[in-house]
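Here is the naming used below: chain letters follow the sequence lines, and residue numbers restart at 1 for every chain.
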Amino acid sequence: MQAEGMKRRRCMSADIDRIRHSLAHVMAEAVLHLHPGVQFGIGPAIQDGFYYDFLFPQSIANEDLPAIEKEMRRIIAQNQTFVREEVSKAQAREIFRDQPFKLELIDGLEEGTISIYRQGDFVDLCRGPHVESTKELRPDAFKLKTIAGAYWRGDETRPMLTRIYAYAFATKAELEAYLRMLEEAERRDHRKLGKELDLFSTHEEAGPGLIYWHPKGGRVRVELEKWWREEHYKNGYEILFTPHIGKSWLWETSGHLGFYKANMYAPMTIDEDDYYIKPMNCPFHIMIYKTTSHSYRDLPLRWAELGTVYRYERSGVLHGLMRVRGFTQDDAHIICTPEQIEDEILEVLRFSLSMWKTLGFSKIKAYLATRPADSVGDPERWDQALVSLKKAIEKEGLPYEMDEGGGAFYGPKIDLKIQDAIGREWQMTTIQFDFNLPERFDMTYVDKDGRQKQPYMVHRALLGSIERFFGVFVEHYAGAFPVWLMPDQVAVIPVAPTFDEYAKEVTAFLRGKGVRAKAMLSEERMNAKIRDAQNQKIPYMVILGQREKDERTVSLRLRTGSQENGIPLETFASRVLGKIEAKALDL
RNA sequence: GCCGAGAUAGCUCAUUUGGCAGAGCGGCGCACUCGUAAUGCGCAGGUACCGGGUUCGAUUCCCGGUCUCGGCUCCA
């Protein structure tokens, strides 16, 4: 039953890929009609549609897209058939003699027959499969999106082609649903909400990719970090603080100056020594490890730090809080014996999942990355590490995918991707083995048999970075965070200035209990204040007038719009405190 | 970094063959004393991203730079 469902889904996904890929060919044909002399790159189906890469005789702009879209619809209406042919390599070279990119692709293919597809006057080198005829393509279920530059074969030393992206689905309804999701994503965009809710900013005059946390963003961060520290102590971690810069010796020893230099900032000279600002925290933690000798009895060590690192990112990749040049990792290093590693991995995974649960994320998928072509460390250790990673994932019952060859050169890893409220996946947690640094820094412990041995080391970040986490968090909740993380938890609104005194009293009462309450005492109308509080996503609004003053109650409006009258002040306070303490997701 | 688009008041945006810079929101002031999403009136607010060029005259056209956005590549 389940297997059947799976099969059907796979089959449907193959169908949609066929539609998307066929539309890519139709787009190529349309482009050929409108821009003769164009050269073709590749045109695959992708997650939400398709793209095709072209080298145009003269550059085109977004304004050219409607004409291409129109031509595509004309082609579809002609009911053109897709015809597969098999040709020899030599024949293929002849067919594509004016298409250098295709010729390069042909050169890369194995000897034997090569399949090509024809429709209308367009022919493409293609494995297929395609739909039978353009009849199967819905003219209203695709939409050209944007043009963008893309290097030929993703290689920045190769020519840059013009890529046209399109959304495409099996039906118009699916396309429309997807476009609505995109609108929703735009509405939730953390850069927009960050401004509207006064959470953070960046400043071009002061440097791109560097985040300024405003009081309200700062409040969220402080609450989050407070909780993070408590959880780490509860889970057997110790918390470290380490410097922001270190002498070149440190980075030479760690190897960062060899393999990570492109992401590090130029050194500063202090007393004739070069110091680098840190792109990672690990070497500092190792320095602490090496201050004493360690017995196997001391292990495992779980050392965490909210460590702020700086990494050079190319200007074109910066993106709000998601991709920045300075960020704080919720980093930790676990140093343990080989015997302990399996339990330690499982613990980290459990810990991570429990954190995500508290934060209101429950759809989580693991990606297990294996040994890449270039790697350091004993293959046997890689295998053992991989087994313990896999066991941990399976024990937790997490869905997972293999990412073959996707590990770092120094060890395999588990990445967790969390799904947000509108179905997007974000890579956050990372758990990485490191066979490199213990070796380079000559880390040791004394084992039961009295011998010096090298410990295992695992790097892990649960939230990833505080900045990126906050970006995802803002978008997941669209700014309406759980109460415990809300900068303002209660808005106190008198119906008229006559009741300002009672509003102050209520506010002071709540603040005295540790609730972040804010009295809204301006000359504005009550309705304007409610609107303002609502826009600020303040979870609780208490409305105060004569009745409430007489009875020492509050009239409560939630940000969801619901309303409850005549709640005794104490009752309300304990309700809010209860939600805060429980880190409840509801109000 | 590369390809493409953009930058006008604190915010969101108008401003067409190149001729004195505009609105709404927000801010401030005054009036109104109000019961669950915007009370009314008034005032202030600008080196049109920065630098150069063309022109009698540039927010507008050209060149260079910065930053932002969509991608490529990379990644927490």
- Would you call the rings of A/His459 and A/Tyr410 parallel, tilted or perpendicular, where under 30° means parallel and over 60° means perpendicular? tilted

Practice problem: Evaluate the salt bridge (charged side-chain N to carboxylate O under 4.0 Å, His left out) criterion for residues A/Arg153 and A/Asp155: first the C-alpha distance (whole Å), next the side-chain angles of each, then the deciding distance (0.1 Å), finally the verdict. | Solution: CA-CA 5 Å; A/Arg153 305 190 121 177; A/Asp155 181 344; over 6 Å; no

- request: Return no unless some side-chain N or O of A/His459 is found under 4.0 Å from OP1 or OP2 of B/rA76.
  value: no

Short heteroatom pairs, N/O only, protein and nucleotides 24-30 of chain B, under 3.5 Å:
none

Handout entry: A/Trp152 and A/Glu104: side chain donor to acceptor below 3.5 Å
Key = yes

- Task: Look at the side-chain N and O atoms of A/Arg191 and state whether any lies under 4.0 Å from the OP1 or OP2 oxygen of B/rG70.
- Result: yes

5'-most contact on RNA chain B (nearest-nucleotide basis), A/Tyr260 vs A/Arg325, goes to A/Arg325

Under the salt bridge (charged side-chain N to carboxylate O under 4.0 Å, His left out) rule, what do A/Glu401 and A/Lys417 come out as? Steps first, then yes or no, please.
CA-CA 11 Å; A/Glu401 275 179 30; A/Lys417 291 193 184 175; over 6 Å; no

For RNA chain B, the dot-bracket notation using Watson-Crick and G-U wobble pairs below 3.5 Å, [ ] for pseudoknot-type crossings and | for other-strand pairs, is (((((((..((((.....[..)))).(((((.......))))).....(((((..]....))))))))))))....

Per nearest nucleotide of RNA chain B, the residue lying toward the 5' end, A/Ile530 or A/Gly154, is A/Ile530

From the candidates B/rC72, B/rA76, B/rU33, the one with an atom nearest any side-chain atom of A/Gln329 is B/rA76

Polar side chain donor-acceptor pair, A/His190 to A/Glu475, under 3.5 angstrom = yes

Face-to-face contact A/Tyr165 to B/rG71 six-ring, under 5.5 Å, under 30°:
no

Among B/rA38, B/rG70, B/rA76, the one nearest any side-chain atom of A/Arg531 is B/rA38

- Would you please confirm or rule out a distance under 4.0 Å between OP1 or OP2 of B/rG1 and any side-chain N or O of A/Ser315? yes

Can a side chain N or O of A/Arg525 be found less than 4.0 Å away from OP1 or OP2 on B/rG35?
no

Does OP1 or OP2 of B/rU12 have a side-chain N or O of A/Lys195 closer than 4.0 Å? yes

